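Letters A, B, ... are given to chains in the order of the sequence lines, protein chains preceding strands, and every chain is numbered from 1. Since the structure is predicted, the reported quantities are computational estimates derived from the model, not experimental observations.
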Amino acid sequence: MNFYERAALVCEQIPKGKTATYGQIALLCGKPKNARQVGYALNRGLAGDAPAHRVVNAKGILSGAASFATPNLQKQMLEQEGVKVTWTEDGWRVDLKKDGWKNTMEDALWLRNEFDARDI
DNA sequence: CATCTGACAGAGA
DNA sequence: GTCTCTGCCAGAT
């Protein structure tokens with residue numbers, strides 16, 4: 001099973017206008033403890049064309065390492081999708097209560113099937 | 001091999 | 001809500 005391929009697939013399922021956390025991605029990939037690897041994957045572009053801008057840490061902070069063309073690009077893209085991004089002491093933050101991706105059982109089942117179908 | 005690092009998270013105070 | 005401490009694990013050195 002390839003964790004990175006899974007991570008990419010999961011990221012692609014994040015609905016537009018919603019955000020998911022690294023831990024959430026890791027969980028859906030079947031590796032609850034690999035949150036850091038999710039970040040690593042996105043950082044290294046190992047997640048293909050997955051929408052990395054919709055992935056934030058557990059606090060909703062845009063961790064913003066520079067795999068974006070310009071600083072604040074992540075923020076811009078999120079706002080473009082209707083996500084409210086506010087500045088805080090810690091940096092740009094989204095409201096996970098409002099714009100966080102709520103996984104449904106169907107999302108999980110769908111993913112399970114895809115993983116199985118693609119043997120990853 | 002041993003260590004260190006990091007787009008992280010959870011538990012406890 | 002905050003802050004600190006600990007566990008994680010793939011990659012790099």
(Q) A:Lys18: which residues meet the salt bridge (Lys or Arg N to Asp or Glu O under 4.0 Å) condition with it, sequence neighbours left out? (A) none
Distances under 3.5 Å between protein N/O atoms and the N/O atoms of nucleotides 9-13 of chain B, please, pair by pair.
{"unit_1": "B:dA9", "atom_1": "OP1", "unit_2": "A:Gly23", "atom_2": "N", "d": "3.2"}
{"unit_1": "B:dA9", "atom_1": "OP1", "unit_2": "A:Ala58", "atom_2": "N", "d": "3.3"}
{"unit_1": "B:dA9", "atom_1": "OP2", "unit_2": "A:Ala58", "atom_2": "N", "d": "2.4"}

Q.
Does the protein touch nucleotides 7-13 of chain C at the base, only the backbone, or not at all? Give it as B, S and - per nucleotide, heavy atoms under 4.0 Å.
A. BBBSS--
Q) Cluster partners of A:Leu96, using ILVMFWY side-chain heavy atoms under 4.5 angstrom, listed by chain and number? A) A:Val56, A:Leu62, A:Leu78, A:Val83, A:Val85, A:Trp87, A:Trp92, A:Val94
Q) For residues 19-29 of chain A, which residue pairs qualify under salt bridge (charged side-chain N to carboxylate O under 4.0 Å, His left out), counting only residues two or more places apart or in two chains? A) none
(Q) I'd like to check the salt bridge (Lys or Arg N to Asp or Glu O under 4.0 Å) partners of A:Glu81; sequence neighbours left out, ordered by chain and number. (A) A:Arg54
Q.
Taking side chain to side chain contact (heavy atoms under 4.5 Å, CB included) as the definition, give me every residue that meets it alongside A:Lys33, ordered by chain and number, with sequence neighbours left out.
A. none
Q | Between C1' of B:dC8 and CG of A:Leu27, the distance in whole Å | A | 13 Å
Q. Rounded to whole angstrom units, what separation is found between the CH2 atom of A:Trp92 and the C1' atom of B:dA7?
A. 18 Å
Q. Separation of A:Met77 atom CE from B:dA7 atom P, in whole Å?
A. 20 Å
(Q) Can you list everything that forms a salt bridge (Lys or Arg N to Asp or Glu O under 4.0 Å) with A:Arg118? Sequence neighbours excluded, please. (A) A:Glu114
Q) Below 4.5 Å, heavy atoms only, C-beta onward: do A:Trp101 and A:Leu28 meet side chain to side chain? A) yes
Pairs under 3.5 angstrom only: tabulate donor-acceptor contacts from the side chains of residues 6-17 of chain A to other protein residues two or more places apart or in another chain.
{"unit_1": "A:Arg6", "atom_1": "NE", "unit_2": "A:Ile120", "atom_2": "O", "d": "2.9"}
{"unit_1": "A:Arg6", "atom_1": "NH1", "unit_2": "A:Cys29", "atom_2": "O", "d": "3.0"}
{"unit_1": "A:Arg6", "atom_1": "NH2", "unit_2": "A:Ile120", "atom_2": "O", "d": "2.7"}
{"unit_1": "A:Gln13", "atom_1": "NE2", "unit_2": "A:Leu9", "atom_2": "O", "d": "3.3"}

Q | Distance in angstrom units between A:Leu42 CG and B:dC8 C1', rounded | A | 12 Å
